[in-house]
Protein chains: 2
Amino acid sequence: MSNKTIQDIENRIASLLKRSDLSVTESRRKILHLFLEQPGALAHGDIERKAGEKFDRVTVYRTLQAFVDKGIIHTIPTADNSIRYALCKDDCSAGHHHDHHIHFVCTNCNNTYCLDDVVTPEIKLPKGYQAEHVEVVVEGVCKNCKG
Amino acid sequence: MSNKTIQDIENRIASLLKRSDLSVTESRRKILHLFLEQPGALAHGDIERKAGEKFDRVTVYRTLQAFVDKGIIHTIPTADNSIRYALCKDDCSAGHHHDHHIHFVCTNCNNTYCLDDVVTPEIKLPKGYQAEHVEVVVEGVCKNCKG
DNA sequence: GATTGTTTTGCAACTATGTTGCCTTTTTAT
DNA sequence: ATAAAAAGGCAACATAGTTGCAAAACAATC
């Protein structure tokens with residue numbers, strides 16, 4: 001990998017942070033790196049393990065909270081009660097997530113993926129219920145695990 | 001309320017437990033009561049608060065776990081990372097939940113409902129992904145809160 | 001590039017949540 | 001009524017998440 005590429009990633013991270021009114025600190029750059037490095041979602045525990053040797057537990061909590069607030073990442077609810085986080089696409093802004101895609105949890109490798117091309121379906125609710133947001137999580141076997 | 005009605009509920013609870021190969025104990029009856037008394041789902045915290053004055057914390061955990069294992073209740077994933085539990089319909093059996101209904105979380109009263117009549121839609125996944133289970137959680141305003 | 005005001009971090013202490021082993025009590029079956 | 005089996009309570013522990021405050025890092029200005 002060339003220096004130019006590394007520099008590109010750093011620039012991308014810095015501009016993402018600045019656009020969100022967040023100062024560019026080491027922990028924020030490190031955690032954003034983790035998200036950019038891999039395709040799926042990360043559980044809080046994963047992040048703490050990968051980044052936590054350098055940073056305090058509290059810093060990880062606060063960093064993730066800041067990223068959610070600013071619309072850089074979004075949370076994915078799962079059945080095992082461990083919140084997972086994934087990068088938002090560019091059209092998410094602070095406090096207003098446009099995440100109409102569905103999520104896929106692999107029962108084999110336990111990875112979580114955002115399927116950005118699969119749109120949440122319309123759900124017809126009983127009379128009186130008013131939908132604001134629909135969350136779809138599909139469990140199954142992912143592309144990589146399906147031999 | 002007549003004595004007969006109270007007796008009916010007790011009988012219903014006892015037979016539900018026996019059918020599931022669970023012995024009929026005070027804590028299990030109490031916790032089942034809580035579920036039957038109200039329409040929505042209960043978070044672990046709710047149950048501990050309502051039943052916990054009489055029972056140990058550990059007992060509540062183990063009771064809920066037993067109920068899930070036996071197919072008496074099922075879990076509902078939510079974005080705020082608090083597992084909620086709701087009664088299964090009668091066709092759920094041990095280890096094999098037929099919960100193809102969707103869940104509704106009210107952003108106003110914070111109650112969670114099983115919408116038993118709303119079936120989860122078919123989701124068309126990208127090539128290579130194989131679905132085993134689809135979970136749909138809708139957030140919005142419920143029937144009671146919509147003035 | 002040094003200085004100053006603001007933001008972020010690390011630390012410590014704390015609360016909440018969940019788990020495990022062991023002994024006692026309750027339940028079930030006989 | 002009694003014995004075997006199951007469940008509950010207790011204590012101790014492990015993990016997860018929060019808060020206040022002082023120290024350090026960052027951004028902005030000169």
In terms of the angle between their ring planes, are B:His101 and B:His74 parallel, tilted or perpendicular, with boundaries placed at 30° and 60°?
perpendicular
Who clusters with B:Val137? Use side-chain heavy atoms, under 4.5 angstrom, across I, L, V, M, F, W and Y, and order the result by chain and number.
B:Val105
B/S/- along nucleotides 8-15 of chain C (protein heavy atoms under 4.0 Å) is SBBBB---
Taking for B:Glu48 and for B:Lys18 the nucleotide of DNA chain C with the nearest heavy atom, the one nearer the 5' end belongs to B:Glu48
Tell me, please, which residues at least two apart from B:Arg49 pass salt bridge (charged side-chain N to carboxylate O under 4.0 Å, His left out).
B:Asp46
Contacts satisfying salt bridge (Lys or Arg N to Asp or Glu O under 4.0 Å) that involve residues 54-66 of chain B (not counting sequence neighbours) are B:Glu26-B:Lys54
Excluding sequence neighbours, so at least two apart, what forms side chain to side chain contact (heavy atoms under 4.5 Å, CB included) with A:Glu37?
A:His33, A:Leu34
Range on DNA chain D touched by chain A, heavy atoms, distance below 4.0 Å
D:dA16 to D:dA27
Please list all pairs passing the ring-ring contact (aromatic ring centres under 6.0 Å, His included) test where one or both residues lie in residues 35-60 of chain A, with sequence neighbours left out.
A:His44-A:Tyr61
By side chain to side chain contact (heavy atoms under 4.5 Å, CB included), which residues pair with B:Glu132, not counting sequence neighbours?
A:Thr107, A:Val141
Send over the distance from B:Arg29 CZ to C:dT26 P, rounded to a whole Å.
13 Å
In whole angstrom, give the distance that lies between atom CZ of B:Arg84 and atom P of C:dT17.
13 Å
Side chain to side chain donor-acceptor pair (under 3.5 Å) partners of B:Tyr129, counting only residues at least two apart
none
Which residues satisfy the salt bridge (charged side-chain N to carboxylate O under 4.0 Å, His left out) test with B:Glu139, sequence neighbours excluded?
none
Here the distance between atom P of C:dT17 and atom CG of B:Leu64, to the nearest Å, is 14 Å
Double-helix bend of the helix from C:dG1-D:dC30 to C:dT30-D:dA1, axes at both ends from 5 pairs, round to 10°, gives 40°
Contacts of type salt bridge (charged side-chain N to carboxylate O under 4.0 Å, His left out), residue A:Arg28, not counting sequence neighbours:
none
